[in-house]
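All figures in this text were calculated on a predicted structure; none of them were measured in a lab. Each chain gets a letter, A, B and so on, in the order the sequences are listed, and its residues count up from 1.
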Amino acid sequence: MVALTFPDGARRDYPNGITGLEVAKKISPSLAKRTVAMALDGVLADLSDPIERDASIEFVARDDPRALELIRHDCAHVMAEAVQTLFPGTQVTIGPVIENGFYYDFFRNQPFTPEDFPAIEKKMREIITRDRPFTKEVWSREQAKKVFRDRGENFKLELVDAIPPGEELKIYKQGDWFDLCRGPHMTSVGKVGSAFKLMKIAGAYWRGDSNNPMLTRIYGTAWAAQDELDQYIHRLEEAEKRDHRRLGREMDLFHFQEEAPGAVFWHAKGWTLFEALIAYMRRRQQETGYLEVNTPQLMDSALWVASGHMEKYREMMFLTESREDDERVFTIKPMNCPGHVQIFKNGLKSYRDLPLKLAEFGKVHRFEPSGALHGLMRVRAFTQDDAHVFVTEDQIAAECILINDLILSIYMDFGFDDVRIKFSDRPQKRIGEDAVWDKAEAALMSALKASGRPWTLNAGEGAFYGPKLEYVLRDAIGREWQCGTVQVDLNLPGRLGAFHIAPSGEKVMPVMIHQANFGSLERFIGILIEHYAGHLPLWLSPAQALVCTITSDADAYASEVVAAAKRAGIRAEADLRNEKISYKVREHSLAKIPVLLVVGKKEAAERAVSIRRLGSEQQSVMPLDAALRALAAEATPPDLKRTREAA
RNA sequence: GCUGGCGUAGCUCAGUGGUAGAGCACUCCCUUGGUAAGGGAGAGGUCGACAGUUCAAUCCUGUCCGCCAGCACCA
């Protein structure tokens, strides 16, 4: 007998080996009918599975949120059957569920195109309407290999071999078609329903390894109901509207062009934003004891050989080739750290100088693979807010805690309060003694604990020279972006011959903590644009206020308003063009100008302004002085607000 | 880097083996209008680059560059 505990707390005994379906039937035929799967001790399982141990049991209906991944997984199988039916000779590989949908990787000599989608979707609907039950069989390895070999399914053959011995080899059938699969699945194909859509096609390496053949991946999305699918499509369209590449153009912030792949042409407005970020960070660093420095863009390649970068990242570095009569090769810096070590080394350092915190807004160049480039998010030339904290081994933990506090407080100021931390520990390929790794990892762990933030372990993903923390922001529409990083480096100072004089009088190598808060300024700006959908907070907005005249009668007053606004510290301009006010409002709204100050005869006479905020149709008329005071207060960066309030 | 797609005016996009079009934007003129497009006229393109096929290439073929999606990569 097995004892099953139901969600209401009831506990009943059943014969050992009874299936979930039989249990459901005994309770009520209607329950059995609407159940598509079960959860045993919270783990989804086939309803046809025999139950052979005591467990809690829940019946999962199709509209249960947990059924969604089953719908998607079943839909992937349906798509695979449809593709193999329509395109004989296509080999199937794997087809997992992913966020918002599923994909299936196929191998076929001739690639698919989106024009194939309607036919595939039509065939899928036929298969779903046919509504065959999903049945599971457990095959022997020999049987599976013979079947897949006979069918020319070479990739499946490999998958069979990859299944660890002892694990069952399960085959799910849906009518004549079947697939090797871990399961579980719903009771029948018809449960997939009709709220699905094929989305896109892309290449993907077999087993994710770029040495392997490229497969064709078809992505699809599937939902329990049509309105959920519609909402999902709507969300995608909204995300598209936030695209920083498009907003960057519309807001006149920056552009790219062919001659400089992966490098940004910052326009005046974009550069204003860039500078606002730097000014902010500079203040935060100054108040926490960082010293800003600046190091050369080009340094002799020998330095990069010594640092170890040349060996590991040669392919990713830009080198100079300048004059025929000078064979000396320089490297355009891909990182700031070796430069900072040079500053540390210049002049004898004492333990009394530690911790020494050097910071630089350093522009680095990396030869990123062409396929990786993506707007501001992944570029070849970017600016890091890069700091290196030189400490003794004993100071690592305390400094990491301070850095962690600083980083989290910075993100709050930019409206990111949902931050996750990833902890990456020692990788396979690494340098340095395990004892020192132990110490460094423990230090980061203490910072993690002190932060009280959720964190996850990224096992083995640390840098070759030390463990690291990575800060992942969640934006307004739930996407995650990795930004800041704290890396303990036990290696580079030694490689570059940095030391300090310890209290004992001995020369001792310092430990270096690499720290980036924004990470890449370019990328952070991209994230800000998308997070705010272009509606930047006033303190960051490059153009804060635009004074628009109703008619030319107000030109003189408008100029006065602009001058007064500038005196109040507000970035303001005037629009005196001979256009209707509706036209101006529309144009500046599209350009995401946060504040429109409309002035006509009336305002000029009263020394007032009519304020219209971006995203609102409301207007409020205020006396000029009061309006500017309010705007100036709102435009104050959050850190300055804090210091003023404290004073 | 790999696979697939794309590259025509500042932007969004039509189009054709016989040297190109729309809307918006731009310039000028008219309009002085109270909160998301007033009217008229005009100008603007080596059709990504280089080869090849052809009497003739923006169109067909090849190579390269760039962009987009995904994969791989990301010190």
Side-chain angles (χ1 to χ4, degrees), chain A residues 103 105 110-115 199-219 243 245-246 249-250 252 255-262 304 307-313 315-317 333-338 364 366-375 377-380 382 384 386 461-466 468 470 482 485 487 489 491-492 514 516 519-520 523 548-555 576-591 596-603 610-619 621:
Chain A
Y103 66 78
D105 285 347
Q110 192 190 345
F112 299 99
T113 77
E115 278 93 73
M199 302 299 287
K200 57 193 171 194
I201 283 180
Y205 298 109
W206 169 235
R207 296 185 151 178
D209 185 333
S210 56
N211 297 313
N212 286 341
M214 179 74 70
L215 307 170
T216 303
R217 175 171 296 177
I218 302 181
Y219 286 89
D243 191 314
R245 293 167 296 188
R246 168 197 180 127
R249 185 178 60 239
E250 289 172 1
D252 192 19
H255 83 269
F256 291 92
Q257 64 187 50
E258 286 197 16
E259 289 81 354
W304 302 98
S307 70
H309 289 97
M310 195 59 92
E311 186 190 359
K312 197 160 162 50
Y313 295 108
E315 290 299 305
M316 303 281 277
M317 288 156 68
K333 68 176 173 183
M335 300 194 80
N336 301 300
C337 8
V364 297
R366 299 179 184 177
F367 208 127
E368 300 285 351
S370 58
L373 301 179
H374 180 90
M377 302 303 192
R378 191 85 180 266
V379 285
R380 286 187 176 153
F382 60 100
Q384 291 180 311
D386 204 5
E461 291 292 309
F464 69 99
Y465 50 71
K468 61 184 177 185
E470 285 160 327
Q482 189 178 304
T485 169
Q487 309 183 359
D489 190 337
N491 164 62
L492 191 63
H514 303 249
S520 146
R523 178 179 154 84
C548 300
T549 48
I550 305 272
T551 68
S552 53
D553 294 340
D555 283 2
L576 308 181
R577 291 175 304 170
N578 176 15
E579 296 291 352
K580 289 194 174 173
I581 189 63
S582 308
Y583 183 92
K584 295 183 184 179
V585 166
R586 173 183 155 81
E587 198 174 90
H588 301 310
S589 297
L590 288 173
L596 299 185
L597 300 177
V598 178
V599 295
K601 274 185 199 160
K602 215 162 40 175
E603 287 80 5
S610 167
I611 304 176
R612 181 185 168 123
R613 302 291 300 239
L614 180 60
S616 164
E617 289 176 15
Q618 286 183 2
Q619 305 153 35
V621 179

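Here, G70(B) and U35(B) have their P atoms 43 Å apart, quoted to the whole Å. Using atom C1' as the reference point in both C13(B) and A20(B), the two lie 14 Å apart (nearest Å). For the C1' atoms, the distance linking C50(B) with G40(B) amounts to 44 Å, nearest Å. The gap from the C1' atom of A9(B) to that of G38(B) amounts to 25 Å, rounded to the nearest Å. Taking atom P on both G23(B) and A36(B), the two are 25 Å apart, rounded to the nearest angstrom. When the P atom is used for both G18(B) and C59(B), the distance is 11 Å, rounded to whole Å. Across the P atoms, G10(B) and G44(B) are found 12 Å apart, a figure rounded to whole Å. Nucleotides U32(B) and G39(B), compared at atom C1', are 14 Å apart to the nearest Å.
Using the Watson-Crick or G-U wobble rule with both distances under 3.5 Å, C55(B) pairs with G18(B). Pair assignment for A43(B) gives none, since no Watson-Crick or G-U wobble pairing has each distance under 3.5 Å. The nucleotide U63(B) finds its pairing partner in A49(B), both defining distances of the Watson-Crick or G-U wobble pair being shorter than 3.5 Å. Across the strands present, U3(B) finds its partner in A69(B); the criterion is a Watson-Crick or G-U wobble pair with both atom distances under 3.5 angstrom. Taking a pair to require two hydrogen-bonding distances under 3.5 Å in either a Watson-Crick or a G-U wobble arrangement, G10(B) pairs with C24(B).
Side-chain proximity of S610(A) to G34(B), A75(B), A72(B): nearest is G34(B). Distances from the side chain of K200(A) to the nucleotides A69(B), A75(B), G33(B) place A69(B) closest. Of the candidate nucleotides C67(B), G34(B), U32(B), C67(B) has the atom nearest to the side chain of P261(A). In this structure, the nucleotide among A75(B), A37(B), A36(B) sitting nearest to the side chain of Y583(A) is A37(B). Nearest nucleotide to the side chain of H374(A), out of G34(B), A69(B), A36(B): A69(B).
Across all strands shown, G208(A) has heavy atoms under 4.0 Å from sugar-phosphate atoms exclusively, and none from any base. Residue R245(A) is in sugar-phosphate contact alone, with no base atom involved, counting any heavy-atom pair closer than 4.0 Å across all strands shown. Within 4.0 Å (heavy atoms only), F256(A) reaches no atom of the nucleic acid at all. Counting any heavy atom pair closer than 4.0 Å across all strands shown, K584(A) reaches no nucleic acid atom. Nucleic acid contact class of P334(A) (heavy atoms, under 4.0 Å, all strands): base. Residue E315(A) is classed as having no contact, given no heavy-atom separation below 4.0 Å to the nucleic acid. Within 4.0 Å (heavy atoms only), L590(A) reaches at least one base atom of the nucleic acid. Contact annotation for Q487(A): backbone-only contact, meaning every heavy-atom pair under 4.0 Å involves sugar-phosphate atoms and none involves a base. Note on S210(A): only backbone sugar-phosphate atoms sit closer than 4.0 angstrom, heavy atoms only; bases stay farther off.
Going from atom CG of L373(A) over to atom C1' of C71(B) covers 15 Å, rounded to whole Å. To the nearest angstrom, P of G5(B) lies 17 Å from OH of Y219(A). Residue E258(A) contributes atom CD, which lies 9 Å from atom P of A49(B) at whole-angstrom precision. Atom NE2 in H514(A) sits about 12 Å away from atom P in A75(B), given to the nearest Å. In this structure, R577(A) places its CZ atom 12 Å from C1' of A37(B), rounding to the nearest Å. Between the CG atom of D252(A) and the P atom of G10(B) there is a distance of 16 Å, given to the nearest Å. Regarding I201(A), its CD1 atom lies at a distance of 8 Å from the C1' atom of G4(B), rounded to whole Å. Atom CZ in R380(A) sits roughly 7 Å away from atom P in G66(B) (whole-Å rounding).
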- Task: Output, in order, the C-alpha distance, side-chain angles, deciding distance and verdict of side-chain contact (heavy atoms from CB on, under 4.5 Å) for M199(A) and Y103(A).
- Result: CA-CA 9 Å; M199(A) 302 299 287; Y103(A) 66 78; over 6 Å; no

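In this pair, Y313(A) lays its aromatic ring flat on the base of A75(B), centres within 5.5 Å and planes under 30 degrees apart.
The shortest distance between the side-chain N/O atoms of R249(A) and the OP1/OP2 oxygens of U12(B) is below 4.0 Å.
Two residues are said to be in side-chain contact when any heavy atoms from C-beta on lie closer than 4.5 Å; R577(A) and C548(A) fail this criterion. Inter-residue side-chain proximity for M316(A) and H309(A) is flagged as unmet; no heavy-atom pair is nearer than 4.5 Å. Contact annotation: the side chain of R523(A) never approaches that of V379(A) to less than 4.5 Å [non-hydrogen atoms, C-beta and beyond].
On a pure distance criterion of 3.5 Å, a polar donor-acceptor pair joins the side chain of R612(A) and the base of A36(B). Taking 3.5 Å as the limit, the base of G5(B) and the side chain of E115(A) contain no donor-acceptor pair of atoms between them. Side chain Y205(A) to base G1(B): a donor-acceptor pair is found below 3.5 Å. Side-chain atoms of S582(A) and base atoms of U35(B) include no donor and acceptor less than 3.5 Å apart.
Between D209(A) and R207(A), none of the side-chain N atoms (NZ, or NE/NH1/NH2) sits under 4.0 Å from a carboxylate O, so this pair counts as no salt bridge.
To the nearest 0.5 Å, atom CG of residue N336(A) and atom CG of residue D386(A) are 4.5 Å apart.
The 12-atom threshold is exceeded at CD of Q257(A), counting heavy atoms of other residues, nucleotides or ligands nearer than 6.0 Å.
Position along RNA chain B of the nearest nucleotide to S370(A) versus P111(A) favours S370(A) as the more 5'-ward residue. Between T551(A) and S589(A), the residue whose closest nucleotide on RNA chain B is further toward the 5' end is T551(A).
Heavy-atom minimum distance, M317(A) versus P334(A): CG-CG, 3.9 Å.
A donor-acceptor pair shorter than 3.5 Å can be found between the side chains of Q487(A) and T485(A).
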